[in-house]
Amino acid sequence: MDNVISCFTKKPDAVARLVCFPWAGGGSIHYARWGRVFNDSIEVYSVRLPGRETRAKEKFFQNMQQIVDEIVEALLPALKEKPFAFFGHSFGAMTCFAVADSLKRLHGLEPVHLFLSGASAPYSEMRIGAPKRSELTDEEFLQWLSSIGGTPPELLANPEVLKLFLPALKADLHVVENYRCDRPTRPSLSCAVTCFDGKQDVPHDLQAWKATSSGDFTVRMLDGGHFYLKDSANERVLVDFITRHLETSEMDYL
């Protein structure tokens, strides 16, 4: 599991686990730091995909099913131990939903809460009609990347860094842009779902996520653009909100 899932701050007595899924091109480092930010009641797992960090020499996955299969196999034993929740931002919102759906269908397991950030539901018209960024030229791609923020300008201007960074980002975007999921005729999940988004980000069809679960559905809008969650004040809001709901969910789980 350690190859796929990072847990930099182990908390054997935690009441619940939060599994975090990276945004496109991202690794496990940002969320691994959350292990120190959350209190001792929440243990944080961070997903590490092929082609980055300690898996830099591995080939990128080509489709969502490959991602889902690997993560489910790695996580399954740990998910049977105590309550768990998923958090995913942008590309990560898609992958954590796909993993949650697979866990429920194949193993009868589901998170106590699904926290989805910065993304339309996979079957929404808004998402299906969005332009395919992975097909842009490198120059066009960098212009778009600069426009959404979240990446330091000095990195975007460094050719050596871009050689390492762009392939993973484009590979993840290729996966998510080709991921297809029909709108549920009935909810496949029963857990609570909360959607977060930046007020200054491009609009996302957050309401469409409501169809995925029969549980409580909430939307929280925070100041900032696509990477609003990197702001320290917003991060505090996220951490406090997630902690409060997971500690409550643990009581319900018992």
Side-chain angles (χ1 to χ4, degrees), residues 1-11 17-38 43-81 84-103 106-107 109 111 115-119 122 133-135 138 141-142 145 150-152 155-156 158-179 226-227 229-230:
M1 185 180 82
D2 291 345
N3 192 43
V4 180
I5 306 296
S6 296
C7 182
F8 284 74
T9 308
K10 296 187 183 299
K11 302 175 184 178
R17 290 192 174 104
L18 178 68
V19 183
C20 298
F21 295 72
W23 50 76
S28 63
I29 299 301
H30 178 83
Y31 294 124
R33 192 180 57 80
W34 277 14
R36 298 192 301 271
V37 177
F38 278 88
E43 185 175 53
V44 177
Y45 280 6
S46 183
V47 171
R48 183 192 296 118
L49 296 175
R52 62 215 80 191
E53 298 176 350
T54 57
R55 306 184 67 185
K57 294 182 179 180
E58 297 181 40
K59 292 182 178 180
F60 301 118
F61 284 142
Q62 298 299 307
N63 58 66
M64 186 64 79
Q65 193 59 53
Q66 290 177 303
I67 294 174
V68 169
D69 289 346
E70 180 182 68
I71 294 174
V72 168
E73 181 180 2
L75 280 177
L76 194 56
L79 297 185
K80 294 177 179 178
E81 296 173 352
F84 64 94
F86 288 168
F87 178 94
H89 176 69
S90 196
F91 166 75
M94 299 288 187
T95 56
C96 82
F97 165 70
V99 170
D101 183 64
S102 179
L103 277 170
L106 301 180
H107 302 283
L109 291 173
F115 300 100
L116 305 167
S117 170
R133 308 294 184 184
S134 62
E135 296 177 355
D138 283 353
F141 192 80
L142 289 174
L145 199 58
T151 306
L155 295 186
L156 296 178
N158 187 322
E160 294 304 313
V161 171
L162 291 178
K163 281 183 184 178
L164 299 173
F165 174 59
L166 282 187
L169 179 52
K170 282 195 167 185
D172 289 349
L173 288 177
H174 172 78
V175 167
V176 77
E177 288 169 355
N178 289 281
Y179 171 49
H226 189 59
F227 283 101
L229 71 170
K230 289 188 174 183

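Keep in mind it's a predicted model, so treat the numbers as computed, not measured. All values below were derived from every heavy atom in this structure, side-chain atoms included, with hydrogens, water molecules and symmetry-related copies excluded.
F141 is linked by a ring pair (Phe, Tyr, Trp, His ring centres under 6.0 Å) to W144, counting only residues two or more places apart in sequence or in another chain. With sequence neighbours left out, the side chain to side chain donor-acceptor pair (under 3.5 Å) criterion links Y31 to no other residue. Qualifying ring pair (Phe, Tyr, Trp, His ring centres under 6.0 Å) partners for H174, counting only residues two or more places apart in sequence or in other chains: none. Residues satisfying the side chain to side chain donor-acceptor pair (under 3.5 Å) criterion with T95, sequence neighbours excluded, are absent altogether. Evaluation of the salt bridge (Lys or Arg N to Asp or Glu O under 4.0 Å) rule for E58 yields R55 as partners, not counting sequence neighbours. Residues passing the side chain to side chain donor-acceptor pair (under 3.5 Å) test with K170, sequence neighbours excluded: D138. Among residues two or more places apart in sequence or in another chain, the salt bridge (Lys or Arg N to Asp or Glu O under 4.0 Å) test is passed with R48 by E53. A search for ring pair (Phe, Tyr, Trp, His ring centres under 6.0 Å) contacts involving Y45 returns nothing, not counting sequence neighbours. Applying the ring pair (Phe, Tyr, Trp, His ring centres under 6.0 Å) rule to F61 yields no partners; only residues at least two apart in sequence or on another chain are considered. With sequence neighbours left out, R33 forms a side chain to side chain donor-acceptor pair (under 3.5 Å) with E235. Residues passing the salt bridge (Lys or Arg N to Asp or Glu O under 4.0 Å) test with E43, sequence neighbours excluded: R17.
For the pair E73 (side chain) and E70 (backbone), a donor-acceptor distance under 3.5 Å is absent.
Inter-residue side-chain proximity for H107 and K80 is flagged as unmet; no heavy-atom pair is nearer than 4.5 Å. A heavy-atom distance below 4.5 Å is found between the side chains of C96 and L116. With contacts defined as side-chain heavy-atom distances shorter than 4.5 Å, the pair L18/F38 qualifies.
Atom CG of L76 sits about 9.5 Å away from atom OG of S102, to the nearest 0.5 Å. Put simply, CG on N178 and CE on M64 are 10.0 Å apart, with the number rounded to the nearest 0.5 Å. Rounded to the nearest 0.5 Å, atoms CZ (R52) and CZ (F60) are 6.0 Å apart. To the nearest 0.5 Å, atoms OG (S46) and CZ (F87) are separated by 11.0 Å. From F91, atom CZ reaches atom CG of L49 across 5.5 Å, with rounding to the nearest 0.5 Å. Atom CG in L229 sits 10.0 Å away from atom OG in S90 (nearest 0.5 Å).
Two rings, from W23 and H30, have their centers less than 6.0 Å apart. In this structure, F115 has its ring center no closer than 6.0 Å to that of F86.
Listed by first and then second residue, the salt bridge (Lys or Arg N to Asp or Glu O under 4.0 Å) pairs that reach into residues 89-101 are D101-R105, sequence neighbours excluded.
Taking both residues in full, the closest heavy atoms of E81 and P77 are given as CG-O, 3.6 Å, listed atom of the first, atom of the second, then distance. Scanning both residues, G25 and D172, for their nearest heavy atoms gives N-OD2, 2.7 Å. The minimum heavy-atom distance linking I67 with V175 is given by the pair CD1-CG1, 3.9 Å. Between F21 and G92 the shortest heavy-atom distance is CB-O, 3.5 Å. Between K11 and G35 the shortest heavy-atom distance is NZ-O, 2.8 Å. Closest approach of A93 to S117, counting heavy atoms only: CB-O, 3.8 Å.
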Check step by step if side chain to side chain contact (heavy atoms under 4.5 Å, CB included) holds for V44 and T9. CA-CA 7 Å; V44 177; T9 308; over 6 Å; no
- Task: Check step by step if side chain to side chain contact (heavy atoms under 4.5 Å, CB included) holds for V99 and V72.
- Result: CA-CA 7 Å; V99 170; V72 168; 4.0 Å; yes
